[in-house]
Each structure stands twice: as structure tokens, then as C-alpha cells.
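Just follow the structure's listing: the first ligand is 1, and inside any ligand the first atom is 1.
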Amino acid sequence: MKIITVIGARPQFIKAATVSRVIKNYSGIEEIIVHTGQHYDKNMSEVFFTDLGIQEPKYNLNVGSGLHGKQTAKMIEGLEQVFIKEKPDFVLVYGDTNSTLAGAVAGSKLHIKIAHVEAGLRSYNRKMPEEINRILTDHAADILFAPTQNALDILTNEGLSDKSVFVGDVMLDSTIYHLKMAEDKIKLSDITDLTDYYLATIHRQENTDDLSKLKSIFESFSQLDKPVLCPLHPRTKKYISQIEITKNVKIIDPVGPLQIMLLIKNAKKILTDSGGLQKEAYFLSKPCITLREETEWIETLVGGWNYVAGTNKEKIVELINCEPTSEKENYFGNGKAAEKIVKYISENVI
Ligand code: UD1
């Protein structure tokens, strides 16, 4: 069986690495990686391949940055050529980026089976490009791998239950594996001098492209009782010169997938607008403040492990003092989601 895995952005590298590790141990499955080139900076792309041992992409479409329509269109055009040439039995797509949507559109038009990992997530905010990508991908794909029961219920409510299956979250698998890898290879002091800090990441378009929101977030950071370590996405960096950064905020370049594990593990709390980081914080038992008006990962809210603060600075400052009120529950499977995914695909090829 031939599988083509389409990846292009940071969170996809992490998830695909985890599934690819399992595929490698399956006889009879050949995997070809296609990198769309959505993320192209060394520390947004290459470092993930080297640190996580992901096999070299056979194809890189080098689409780069651009308006959503143009970027996605270039990906669809390139993927179509690759799919026609390689004739895969399955195309695997991950998450909610423009690369995910492009893989789903190009593959389904060629009648190739599409499997979507991390299906059924919804923020119910249609202004997020990711929300449109998720909905369209779920409806175009043939197999939907749901990471939680809630995601499975959402797919069922949208009439997609026949092609949906709960497998758990591959990010739980990856967090367990990559934290161990990180602890074997690096130390916190290799990354930062800080030992008592909050970790913050900001990259969502709704926050970066609205200067008043970005200012409000950084004003709240200036009032926190500990230093705020902030590995900054290039999208956010473009706007940072227009904002006052106080000296308790330490901005660094984006870090690799092993470094981020240690930074989360050693942080006091996490402040983020990333979906992945909200979950990694939960898996590593770190309280999180979400810098958005809503979250797809509603399971993390139970027991006060994650609070949705939006970008209101008073609210962020107030919520930093809220502690979890109960033990965490197990909503995300047993850390074996990747094995379930590969087994399911191998048994469902026609
Ligand atoms: C994308 C995904 C988002 C995911 C995130 C992880 C979409 C719509 N969004 O957002 O779901 O959580 O990746 O990081 O697909 N840039 C660089 N170097 C890079 C990559 C990006 O400088 O290597 C800059 C470019 O100026 C670009 C901007 O960042 O215009 C945004 O990049 P883009 O790929 O459009 O989306 P992300 O914000 O990274």
C-alpha cells in the first residue's frame, strides 16, 4: 500500500513524525512525504525534520507565504501533479492548515481516499481560516480520525458518523515520546537562563493582525509577577516593533520541538493562542490561559486546567492567579492513537 502524507506547517511535522514512526514498523506500507513549503524558515521547518528524525520529503512544493487563496491554490496544483504521478492508495492530512485543505481537495477530486487526522474540531468561529479548513476537509475526506469523544460527537451531528472513528490524540503520543527524547538530549539551561517563568506563544491571525489585541496581550504580560518567555512566530515578529515590550518579557526565536517540551515542562504556566500548546500544557499538567475568545479543546477547561481569557488585559492578569480545582481526566486516549490510525488504514484499503 502506498500512502502520501501531506505536511507543511509546524504542528503537522510533530503529528506526522509520530504516525510515520509507526508506519515504518508496518510491512507492506510505503510512505511518501510531500512538504508543501507553507513553513520554510529553518526553525519553523528544517529543525523539526532533524530533531524528530522525519524522513526527507520526496517532494517539496516550496509554495511559501501568500494570501490564503493563492497559497492554497499553489498547493492544490502541485499536489495534483504528485498524486497523478505517484497514484497513492491513501492521502493522509493533519489538522487544520491550508496544507490540510489543499491535500483534501486535490486528493478527493482524483478519487483518492483521504484520511484526516485530528478530525471533528470546531471553534464555531468562521473568521478563523483554520475553522473553514477543518469543516471542508472533514466533509471531503473518507476516513475521519477523531481525537476525543467530543470531536466524534461533532462529526456525528454533521452527519459524518459512518466515516468517523475515535482513536485518541496523536499529540498525546508525541508529547510522551518527544519529552523523553528532549530530556535525554538537552537541558533547560541550553535554551534559557530563566527557571521561574511563564511561557507564552502568539501567532493566530486574529491576534497578530489586530494591533490593539496584540498590544493588550503584551500590556498584560508587563503586569505579571514572573518573567514571560516568548518564542515568537515570524508572523507575530513582523508587528512587534509597533509594541512596547517591557523588560520582564523575553522574546526569543521560535524553538524546535524538543526545546518546547522542556520549556513547557519547566514553566509555571502557559499563555497561548495555539491549539497544540493548550493540549501539551494539559498533558504535562501545566495550567494554561488561552489568549482567544474560544477554544476547540473544551476538555482542557474542565477542572480549571485551561481558562479562556481572550485578549482583555485585566482578565489575563486576573486569570493567571486561578489554579486548577480538580484532577485531570483522560479525554485524549491512551497514547496509542498513531498505532490505531495505521492499523485502521491498513485494514481498510480496498
Ligand atoms: C499556520 C496554520 C495554523 C498553524 C500554524 C502553526 C493556516 C491557515 N494556519 O499558521 O493553523 O497553527 O501554521 O505555526 O494554515 N512565516 C515565515 N516563515 C515561515 C512561515 C511563516 O516568515 O517559515 C510568516 C510569513 O510571513 C507568513 C506568516 O508567517 O505570511 C504566516 O504564515 P502561514 O503559513 O500563512 O500561517 P501561520 O500563521 O504560520
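Electrostatic pairing of D209 and R235 counts as a salt bridge here, judged by a charged N lying under 4.0 Å from a carboxylate O. Between K127 and E206 there is no salt bridge, since none of the side-chain N atoms of the basic residue sits less than 4.0 Å from a carboxylate O of the acidic one. Using a cut-off of 4.0 Å between Lys/Arg side-chain N and Asp/Glu carboxylate O, K268 and D196 are scored as not salt-bridged. Look at K343 and E339 and you find no salt bridge, because none of the NZ, NE, NH1 or NH2 atoms lies under 4.0 Å from a carboxylate O. Under a 4.0 Å N-O distance rule, the pair D184/K180 qualifies as a salt bridge.
Ligand 1 has no N or O atom lying under 3.5 Å from any N or O atom of H68, backbone or side chain. No N or O atom of N133 sits closer than 3.5 Å to an N or O atom of ligand 1.
Distance from atom 18 (N) of ligand 1 to its nearest protein heavy atom, with residue and atom name: D41 OD2, 3.0 Å. Looking from atom 27 (C) of ligand 1 to the surrounding protein, the closest heavy atom is S65 OG, 3.3 Å. Nearest non-hydrogen protein atom to atom 17 (C) of ligand 1 is Y40 OH, 3.2 Å. Ranking the protein heavy atoms by distance from atom 5 (C) of ligand 1 puts H203 NE2, 3.6 Å first. Given atom 2 (C) of ligand 1, the protein heavy atom at minimum distance is T97 CG2, 3.7 Å. Given atom 9 (N) of ligand 1, the protein heavy atom at minimum distance is E130 OE2, 3.4 Å. If you check which protein heavy atom lies closest to atom 36 (O) of ligand 1, you get R235 NH2, 3.6 Å. Shortest contact from atom 20 (C) of ligand 1 to any protein heavy atom: H39 CD2, 3.3 Å.
With ligand atoms numbered from 1 in the order given, ligand 1 contributes 14 (O), 29 (O), 37 (P), 38 (O), 39 (O) to contacts under 4.0 Å with heavy atoms of H233. Per-residue contacts place R10 under 4.0 angstrom from the following atoms of ligand 1 (heavy atoms of the residue considered): 14 (O). The ligand atoms of ligand 1 that sit less than 4.0 angstrom from a heavy atom of D96 are 11 (O). Near Q38, with a cut-off below 4.0 Å to any heavy atom, the atoms of ligand 1 are 1 (C), 7 (C), 15 (O), 20 (C), 33 (P), 34 (O), 36 (O). Atoms of ligand 1 lying under 4.0 Å from at least one heavy atom of A9, given by number and element, are 13 (O).
Using a 4.0 Å cutoff on heavy atoms, P11 counts as a contact of ligand 1. Using 4.0 Å as the threshold, R204 has a heavy atom nearer than that to some atom of ligand 1.
For F332 and Y282, the ring centers are positioned less than 6.0 Å apart.
A donor-acceptor pair under 3.5 Å links the side-chain atoms of T18 to the main chain of I14, judged by distance alone.
When the heavy-atom distances from atom 24 (C) of ligand 1 to G66, P234, S99 are ranked, the shortest goes to P234.
Both tests hold for R21 against Y177: distance to the six-membered ring centre under 6.0 Å, angle to the ring axis within 45°. F90 does not carry K2 over the face of its six-membered ring by the limits of under 6.0 Å from the centre and within 45° of the normal.
At a 4.0 Å heavy-atom cut-off, ligand 1 touches K238 through the side chain alone.
Residues E296 and Y124 bring no donor and acceptor atom of their side chains to less than 3.5 Å of each other. Side-chain atoms of E131 and N125 form no donor-acceptor pair, as typed in the model, at a separation below 3.5 Å. K328 and S285 share a donor-acceptor pair across their side chains, judged by distance under 3.5 Å alone.
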